[in-house]
Participant: 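Here it is: the structure, laid out below.
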2 protein chains.
Amino acid sequence: MPEPLLTTDTEESLESPTLARRTFDSIKADIIGGQLAQGTKIVESDLALKYGISRGPLREAIHRLEQIKLIVRIPHAGSRVVTLDTKMMEDIYTARESLEGMAARLAARLMPDAEIAALSTLLDQHEASVGETEGKAYFQREGDIDFHFRIAVASRNQWILENLNGELYQLIRMCRHQSGQFPSRAQLALDQHRQIAAAIARRDEELAEILMRRHISGAWEIVKQILEEQNDSS
Amino acid sequence: MPEPLLTTDTEESLESPTLARRTFDSIKADIIGGQLAQGTKIVESDLALKYGISRGPLREAIHRLEQIKLIVRIPHAGSRVVTLDTKMMEDIYTARESLEGMAARLAARLMPDAEIAALSTLLDQHEASVGETEGKAYFQREGDIDFHFRIAVASRNQWILENLNGELYQLIRMCRHQSGQFPSRAQLALDQHRQIAAAIARRDEELAEILMRRHISGAWEIVKQILEEQNDSS
DNA sequence: ATTGCTTCAATTGTCGACAATTTATGCCTG
DNA sequence: CAGGCATAAATTGTCGACAATTGAAGCAAT
């Protein structure tokens, strides 16, 4: 099972066999991190020069970024970095609620006991970091994604895993970076994570799905308020 | 009038603005239709010659086909038409159950009355075609997808719509074409469609979602049996 | 001053050739 | 005769240049 699709964006130039792949990762990081702002016009010649490559591989990278919806492209008119409006984020959170709910159900059915134990250990680490200084909000965010990622893996459903990890999580990360850190509902989230993990350990598919959907639906309500406040002030 | 600087007088410009797009559509049709069998090795030079274009646009088409999972590509080793095994189809049907269940819920909430009426009309047409000769199984299949497509549209969720219509339905179509026509459970499917439409008309979100999930889950059970029979006989 | 057309620059789409990598072939060696 | 290494063929990855299309700037006429 060759599945090395973990995205550790700690450093760039992660040795990849192909140039297009590396450029894809670089641009993706730049977009999510905010170095390339929303709505920025993408000019192939300029970016090719900036990354020191030809337009061929760059084009492939752009096409892939378009597929994961970080870039929007119009046939002869060029391409721009996606603009995350409230409607799009609502669609994404709704889709995520659906897919992760199913993933939690599958995890309750299929997750090996060893993985469940590891999940519990992970939550213990998060518990420890909640008491820490508030500056670690970033790691708490990543920890949150880490928990959800493990559920997606445990679903043993390749399609769901790829779409959550490859597309939806990226857009949510981008939204977080650009909208500033969300308020630290870390303790609440942790409690909900614990309940979900408990339902999975009990092999209660129905409850696992319901709790996960409620968890994500609640998260969206928070995000929605923040986005609307930002829109009002503009 | 702008100077017509020697453009080809042939009327191919009505097809699609770009070559890569057209080639993408052609290859997609060939794969789904079975002209390009599962597991076929894709050689860029050969296909470029076959379609009478250069490798550049062809590569873009292949990349897009890879994104919708009709082609699998390994960095320097080349690409092949996807091989639909039972596990992959199960993943797809499970994801579809999740997303379409949510779509039905959203449709019950958001679908305008006029669209609901049109949906009912569509089902009447299907009813009429059920009594027809059995040779129309193909159209019944397309009619089935047509129904599900309208639910996806009615969800008003762009992400769900694009993923269902752009990716999942394509793979299911491909599976159908390659596995021969499935047995005509047309009457049963139609009844279930009617119940779903009724729940939507009643604005019963919960029921609409449950019925849709049960409908798709049931469909998978049928498909699963067929696939396993085929695998056993091979 | 505004509207309309024409012209021009900028950018994307397409092409053919070259370089890097993988897979297949055949020879040599044990 | 089997196995492994070296070479060769085939295929993919990358590059620079050319063609086609879009959007805007400039000019003319009302």
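The figures here come from the full heavy-atom set of this structure, side chains too, leaving out hydrogens, waters and symmetry mates. Below, chain A is the first sequence line, B the second, and so on; all start at residue 1.
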Participant: Under 3.5 Å, which donor-acceptor pairs link side chains of residues 56-70 of chain A to any protein atom two or more places apart or in another chain?
Facilitator:
| residue | atom | partner | partner atom | Å |
| --- | --- | --- | --- | --- |
| A/Arg59 | NH1 | A/Glu44 | OE2 | 2.8 |
| A/Glu60 | OE1 | B/His63 | NE2 | 3.3 |
| A/Glu60 | OE2 | B/Arg73 | NH2 | 3.1 |
| A/His63 | NE2 | B/Glu60 | OE1 | 3.3 |
| A/Glu66 | OE1 | A/Arg73 | NE | 3.3 |
| A/Lys69 | NZ | A/Glu167 | OE2 | 2.9 |

Participant: Without decimals, in angstroms, what is the distance between A/Ile53 CD1 and C/dA20 C1'?
Facilitator: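 To the nearest whole Å, that distance equals 16 Å.
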Participant: Between D/dA19 atom P and B/Leu19 atom CG, what is the distance in whole Å?
Facilitator: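 Whole-Å distance recorded here is 16 Å.
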Participant: Nearest whole angstrom, please: distance from the P of D/dG13 to the CZ of A/Arg21.
Facilitator: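 Value for this atom pair: 10 Å.
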Participant: May I have the distance from B/His63 (atom NE2) to D/dT14 (atom P), rounded to whole angstrom?
Facilitator: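 Atom-to-atom, B/His63 to D/dT14, this comes out as 9 Å.
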Participant: With 3.5 Å as the limit, what N/O pairs link the protein to nucleotides 8-12 of chain D?
Facilitator:
| residue | atom | partner | partner atom | Å |
| --- | --- | --- | --- | --- |
| D/dT12 | OP1 | B/Ile42 | O | 2.9 |
| D/dT12 | OP2 | B/Glu44 | N | 3.2 |
| D/dT12 | O3' | B/Pro75 | O | 3.1 |

Participant: Could you state the CD-P distance from B/Glu60 to D/dT14, rounded to the nearest angstrom?
Facilitator: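 That distance rounds to 16 Å.
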Participant: Please give, in whole Å, the distance from D/dT14 P to A/Leu49 CG?
Facilitator: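 About 18 Å, once rounded to whole Å.
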Participant: With a 4.0 Å cut-off on N to O distance, would you call B/Asp25 and B/Arg21 a salt bridge?
Facilitator: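 Not counted as a salt bridge, because no side-chain N and carboxylate O are separated by less than 4.0 Å.
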Participant: Can A/Asp30 and A/Tyr51 be counted as having a side-chain donor-acceptor contact under 3.5 angstrom?
Facilitator: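 A donor-acceptor contact under 3.5 Å links the two side chains.
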Participant: Between B/Gln225 and B/Glu229, is any side-chain donor less than 3.5 angstrom from a side-chain acceptor?
Facilitator: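 There is no such pair (donor and acceptor under 3.5 Å, judged by atom type) between the side chains of B/Gln225 and B/Glu229.
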Participant: Can you name the residues that form a side-chain hydrogen bond (donor to acceptor under 3.5 Å, both in side chains) with B/Gln125, not counting sequence neighbours?
Facilitator: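 Here no residue qualifies.
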Participant: May I have the distance from B/Tyr51 (atom OH) to C/dC15 (atom P), rounded to whole angstrom?
Facilitator: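 One finds 15 Å between P of C/dC15 and OH of B/Tyr51, rounded.
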Participant: Judged by modelled atom types alone, do B/His193 and B/Asp144 share a side-chain donor-acceptor pair under 3.5 Å?
Facilitator: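 Distance-only check passes for B/His193 and B/Asp144.
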